[in-house]
Amino acid sequence: MVKRNPHIAALPSQYLFVEVARRKAAFCEKNPDTPLIDLGIGDFVDPLSQTVAEAMSKTASSLATKEGFSGYGPTAGNQLLRERIANVLYQDKINANEIHISDGAKPDMGRLQLLFGSKVSVAVQEPVYPAYVDTSYLLGQKELVLMPNCTNFFPNLSETPRTDIIFFCSPNNPTGTAATFEQLEELVAFAKKNRSIIIFDTAYSAYIRDPNIPKSIYEIPGGREIAIEVGSFSKMAGFTGVRLGWSVTPKELKFEDGTTVADDWQALYSRFFNGASIVAQAGGLAALTPKGLNESKLLADQYLENAREIKEILTAQGHSCFGGQNCPYVWAQFEGLSSWEAFDQVLNNAHTVTVPGSGFGKSGEGFLRFSGFSKNVLSCC
Ligand code: PLP
């Protein structure tokens with residue numbers, strides 16, 4: 001018999017979404033005529049834009065021709081797409097050759113863990129997007145440092161112990177908060193002093209509207225020396241099913257022995273990834289044209305408007321609410337209730353599905369996450 005991998009056995013259970021689905025199904029069975037508002041899901045609810053769909057179908061059709069067929073592409077991705085990401089999303093603050101195109105931000109989190117191995121110490125925000133924790137456990141980490149919260153869920157860095165790696169997500173899932181320039185300057189200085197590497201997740205940067213909120217860690221002086229950035233087309237342009245993302249490893253980012261992180265990333269990447277789908281990359285190129293960007297922005301604006309409305313309703317009811325301005329999530333506190341009690345209350349009284357905050361770590365207890373990815377938020381709570 002083969003021994004079970006103990007790191008998989010140590011993974012926290014995925015009970016959260018299974019239980020949400022179970023309670024939702026039980027409600028529907030009991031109340032078949034009551035329509036439910038689903039503000040639980042963190043996923044696009046609108047179809048892909050025509051611009052993106054047409055580009056993908058054109059590429060798919062041309063793959064069926066002698067001239068248009070292409071087998072494996074470059075592992076790091078289509079050069080034109082790398083250039084367009086560097087130009088459109090980073091205003092050429094980074095070089096196209098520092099970008100690796102991927103099949104999404106979540107798979108990149110797992111690959112990045114392999115880059116650093118199991119001997120590094122890791123810090124995460126609390127509450128936290130579970131993929132950072134799960135992929136750390138998978139590599140055999142036993143205990144992660146949970147950064148203590150300070151203002152608006154930005155960590156209190158003066159009380160945070162040094163770690164090798166810091167996972168940081170802004171705009172944040174689940175709290176919906178987004179770090180300011182000043183806060184990110186503090187984070188960069190902290191990482192620099194400690195010689196740590198930040199893995200900066202910008203999956204929701206397309207929702208930033210406030211000019212004092214950076215869309216990239218590389219907008220902060222010194223960011224290139226201490227951070228890897230991971231981005232995604234999922235929430236920017238509805239690619240959650242299409243699958244497309246990218247990572248940035250600047251050439252200044254070095255290991256202790258002076259070797260370049262980007263070189264190891266390239267070496268690792270090509271060992272077990274054969275490049276993102278050619279069709280998805282054609283969609284990505286189209287999403288970054290002025291027309292594609294505008295179409296995605298209109299949808300993002302709608303999701304942000306939903307989040308604003310949700311926050312307004314919840315605030316009027318007396319709940320402390322966070323986020324919902326530069327991020328499509330609202331994080332609301334239900335005083336005196338556990339997350340699951342609050343979940344049941346909102347489900348039964350307002351016929352609305354949410355996500356219990358306790359699913360994002362202990363400090364999420366007593367909170368619910370409301371998602372703006374919805375067609376209908378009125379009377380949601
Ligand atoms: N990062 C964060 C913070 C997310 O919330 C999500 C998805 O919900 C992802 C990454 C996953 O992105 P992708 O679909 O590109 O794998």
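Everything numeric in this text was worked out from a predicted model, so none of it was measured. Every number for a ligand or one of its atoms is a count from 1 in the order of the listing.
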(request) Say whether Asn172 and Ser170, considering side chains only, have a donor N or O and an acceptor N or O under 3.5 Å apart. (result) no
(message) I'd like to know whether the aromatic ring centres of Phe370 and Trp331 sit less than 6.0 Å apart in this structure.
(response) no
(message) Among residues at least two apart in sequence or on other chains, which ones pass ring-ring contact (aromatic ring centres under 6.0 Å, His included) with Phe168?
(response) Phe154
(message) Other members of the hydrophobic cluster containing Ile41, with the 4.5 Å side-chain heavy-atom rule, please.
(response) none
(message) Less than 6.0 angstrom separating the ring centers of His100 and Phe273, yes or no?
(response) no
(message) I'd like the residue list for ligand 1, meaning every protein residue with a non-hydrogen atom under 4.0 Å from the ligand.
(response) Gly104, Ala105, Lys106, Pro107, Tyr129, Tyr132, Cys169, Asn173, Asp201, Ala203, Tyr204, Ser232, Ser234, Lys235, Arg243
Side-chain polar contacts of residues 356-363 - donor-acceptor pairs under 3.5 angstrom, sequence neighbours left out - could you list them?
unit_1	atom_1	unit_2	atom_2	d
Ser363	OG	Glu126	OE1	2.7

